[in-house]
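Residue numbers run from 1 in the order of the sequence given.
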Amino acid sequence: MSEAGYTVAVLGATGAVGNRIIEQLEQSTVPVKALKLLASEKSVGKTLSFNGEAVAVELAEPDAFEGVDIVLASAGGSVSAELAPEAVKRGAVVVDNSSHWRMDERVPLVVPEVNPDALKQHRGIIANPNCSTTQMVVALQPIKEQFGLKQIIVSTYQAASGAGQKAIDEVLDQAQAFIDGQREAMQANVLPVKGDEKHFPLAFNLLPQIDVFEEAGYTHEEYKMIDETKKIMLGDAHAKDIKVTGTAVRVPVMIGHGESVYFEVADHSATRSDIQQAFANGAGVTLQDDPDEQLYPQPLNAEGSRETFVGRVRPDLENEGAFHAWIVSDNLLKGAAWNTVEIAEQLVKDDLVRVPEGVNWD
């Protein structure tokens, strides 16, 4: 890095997460000497603000990465599959938000509060985890460190924004139709999965399907949470040291994922108070847990915050060493934009903004 800082590119700059990446970058410790905003052809020429200055959107193509040091990408799997290697070839380090690279054994899957050391092995591409996985591992990392983790069973309550702006718009239109007494006018074209055969309204409804169904009746989202949790916490998506399973549900909330998490610890001497204190001391975690005052995390209150909020902490009354917790976070920030920028901060801090010699993604 020169004394002036880094040239940073935001790939997918005009999307919901891309916009938030720009906002988080403004507030970050990453020294930005120049910013490039990249998107598809239909967005070329638009301007977005960065630190009070207008920056024009350029076409996302291989040559756009010339001279770039860091790429913060949120443009979808197919775009990342094509352009991330091109950026690395030109000397840029890519932090990617899509699911394309997460399970690639060559690519570290990183949440800075949990496994920052994994960045030391990067080969130019770093993957940002699934939003629901991210908030869960942030919350449970201090539990793992202090008491050991044996098993996790999670049920998610995931916001519409996890499926993009079109999903948000569709839910709002459905809600208005329902309120107007026109239930038959509730159009569904996006959820639960845009490319699937059937679509159902989310307004005033719950959809126990996120992504497509795969073997054993689990959805791809559920497998992502299982495999990603193990890769982040144990360094191996197939590890057996922690048992992980879950059910992913889309709920009619705009922003902010909720998760009901059952977890078993190795240290059976741990009390509810011990577990609460561990959460309270966790990096990036805020404990909101006072039943007498009806204090617990809520998506409306979490929106706009980088923190992961934990409450409803209590022991399981049937299983020794087991506890329950309720975890909430802004899925567009800690689940996506902020975690991406936080990874960039860690790369800068550890002097890892460089592509190792001999790397070839062809």
**Report entry** Nearest heavy-atom neighbours spanning F213 and P208
**Finding:** CZ-O, 4.4 Å
Report task. Quick one: pull up CG in D227 and CG in L109 and give me the separation to the nearest 0.5 Å. Result -> 10.5 Å
Query raised in the report: Cut-off 3.5 Å, side chains only: do S161 and N331 have a donor facing an acceptor?
Result: yes
Query raised in the report: Linking I/L/V/M/F/W/Y whenever their side-chain heavy atoms sit closer than 4.5 Å, directly or via other members, would Y157 and V137 fall into one cluster?
Result: no
**Report entry** Any donor-acceptor N or O pair under 3.5 Å, side chains E264, N319
**Finding:** no
Query raised in the report: Counting N and O atoms only, with roles assigned by atom type, does the side chain of D104 sit under 3.5 Å from a partner on the main chain of H100, one being a donor and the other an acceptor?
Result: no
Report task. Give a yes or no answer on whether the side chain of Y223 reaches the backbone of E215 with a donor-acceptor pair at less than 3.5 Å. Result -> yes
Query - Under-4.0 Å salt bridge between K230 and D241 - result: no
Report task. Would you indicate whether R90, at its atom CZ, is surrounded by more than 12 heavy atoms from other residues, nucleotides or ligands within a distance under 6.0 Å? Result -> yes
Query - Criterion side-chain hydrogen bond (donor to acceptor under 3.5 Å, both in side chains) on E23 and N19, from CA distance to verdict - result: CA-CA 7 Å; E23 292 171 359; N19 271 273; over 6 Å; no
Query raised in the report: Does a donor on one side chain sit under 3.5 Å from an acceptor on the other, for E342 and Q346?
Result: no
Query raised in the report: Does V138 offer a backbone N or O that forms a donor-acceptor pair with the side chain of T308 under 3.5 Å?
Result: no
Query raised in the report: Do E228 and R102 sit within salt-bridge range, that is, some charged N less than 4.0 Å from a carboxylate O?
Result: yes
Query raised in the report: Between the side chains of Q158 and T156, is a donor N or O closer than 3.5 angstrom to an acceptor N or O?
Result: yes
**Report entry** Salt bridge K120-D117, side-chain N to carboxylate O under 4.0 Å
**Finding:** yes
Query raised in the report: Can you tell me if D196 and Q209 form a side-chain donor-acceptor pair at under 3.5 Å?
Result: yes
Query raised in the report: T245 and Y218: side-chain donor and acceptor closer than 3.5 Å?
Result: yes
Query raised in the report: Got F263 and I275 here, is their nearest side-chain heavy-atom distance under 4.5 Å?
Result: yes
Query - Flag, side chain of Q288 to backbone of L295, donor-acceptor distance under 3.5 Å - result: no
Requested in this report: Test side chain to side chain contact (heavy atoms under 4.5 Å, CB included) on Y262 and I152 and set out the steps.
Outcome: CA-CA 6 Å; Y262 166 96; I152 301 167; over 6 Å; no
Query raised in the report: Any luck finding a side-chain donor-acceptor pair between E221 and S132 under 3.5 Å?
Result: yes
Query raised in the report: For A159, does its backbone N or O pair with a side-chain atom of R250 as donor and acceptor, under 3.5 Å?
Result: yes
Query raised in the report: Does S329 reach the main-chain N or O of E307 with its side chain, forming a donor-acceptor pair under 3.5 Å?
Result: yes
Report summary line: Here the gap from S43 atom OG to L38 atom CG, rounded to the nearest 0.5 Å, amounts to 11.0 Å
Requested in this report: Examine the side chains of N97 and T340 and answer whether a donor and an acceptor come within less than 3.5 Å of each other.
Outcome: yes
Query - Minimal non-hydrogen separation, K224 against T133, with atom names - result: O-OG1, 4.1 Å
**Report entry** Within 6.0 angstrom of Q27 CD, more than 12 heavy atoms from elsewhere
**Finding:** yes
Report task. Looking only at non-hydrogen atoms, find the nearest pair between L11 and A60 and report the distance. Result -> CD1-CB, 3.5 Å
Query - Nearest heavy atoms of D330 and S305, plus distance in Å - result: CB-O, 3.7 Å
Query raised in the report: How about R106: does its CZ atom have over 12 heavy atoms from other parts shown lying under 6.0 Å from it?
Result: yes
Requested in this report: Mark yes or no for whether H220, through its side chain, and E214, through its backbone, hold a donor-acceptor pair below 3.5 Å.
Outcome: no
Query raised in the report: Does CG belonging to L317 count more than 12 external heavy atoms closer than 6.0 Å?
Result: no
Query raised in the report: Would a distance-only check, ignoring hydrogens and angles, find a side-chain to backbone donor-acceptor pair under 3.5 Å from D211 to T219?
Result: no
Query - Note, Q135 side chain near H257 side chain (heavy atom, < 4.5 Å) - result: yes
Requested in this report: Return the minimal non-hydrogen interatomic distance between E170 and L191, and the atom names on each side.
Outcome: OE2-N, 3.6 Å
Report task. With rounding to the nearest 0.5 Å, note down the distance linking CD in E41 to CD in E61. Result -> 9.5 Å
Requested in this report: Treat each ILVMFWY residue as a node, draw an edge where side-chain heavy atoms are under 4.5 Å apart, and state whether L140 and Y296 are in one component.
Outcome: no
Query raised in the report: Does the salt bridge (Lys or Arg N to Asp or Glu O under 4.0 Å) test come out yes or no for E113 and K334, once each step is laid out?
Result: CA-CA 11 Å; E113 294 88 346; K334 184 52 189 169; 2.9 Å; yes
Query raised in the report: Hey, mind stepping through N339 and T134 against side-chain hydrogen bond (donor to acceptor under 3.5 Å, both in side chains) and telling me if it holds?
Result: CA-CA 8 Å; N339 199 70; T134 300; 4.8 Å; no
Requested in this report: Tell me, yes or no, whether the heavy-atom count around H238 atom NE2, taken from other residues, nucleotides or ligands under 6.0 Å, exceeds 12.
Outcome: no
Query raised in the report: Ion pair present between K349 and E345, side-chain N to carboxylate O less than 4.0 angstrom?
Result: no
**Report entry** Ion pair D362/K89, N-O distance below 4.0 Å
**Finding:** yes
**Report entry** Criterion side chain to side chain contact (heavy atoms under 4.5 Å, CB included) on V114 and I232, from CA distance to verdict
**Finding:** CA-CA 7 Å; V114 180; I232 296 164; 3.7 Å; yes
Query - Side-chain heavy atoms of K243 within contact of K150, under 4.5 Å - result: no
Query - Any donor-acceptor N/O pair, D274 side chain to T271 backbone, under 3.5 Å - result: yes
Report task. Measure the shortest side-chain to side-chain distance between F50 and L25 over non-hydrogen atoms and say whether it is less than 4.5 angstrom. Result -> yes
Report summary line: Rounded to the nearest 0.5 Å, the CG atom of L149 sits from the CG atom of D267 at a distance of 11.5 Å
Query raised in the report: Between D169 and Q165, do the side chains contain an N or O donor and an N or O acceptor separated by less than 3.5 Å?
Result: yes
Query raised in the report: Pick one: which of I327, V328, D289 meets side chain to side chain contact (heavy atoms under 4.5 Å, CB included) with V310?
Result: I327
Query raised in the report: Just wondering, more than 12 heavy atoms not from E105 lying within 6.0 Å of its CD?
Result: no
Report task. Using a cut-off of 6.0 Å, state whether more than 12 heavy atoms not belonging to Q182 lie near its atom CD. Result -> yes
Query raised in the report: With hydrophobic residues grouped by side-chain heavy-atom distances under 4.5 Å, do M186 and I179 end up in a single group?
Result: yes
Query raised in the report: Is a side-chain donor or acceptor of K36 paired with a backbone partner of A64 at a separation under 3.5 angstrom?
Result: yes
**Report entry** Distance under 6.0 Å and angle within 45° of ring axis: R123 vs W361
**Finding:** yes
Query raised in the report: Hey, does S98 have a side-chain heavy atom less than 4.5 Å from the side chain of N128?
Result: no
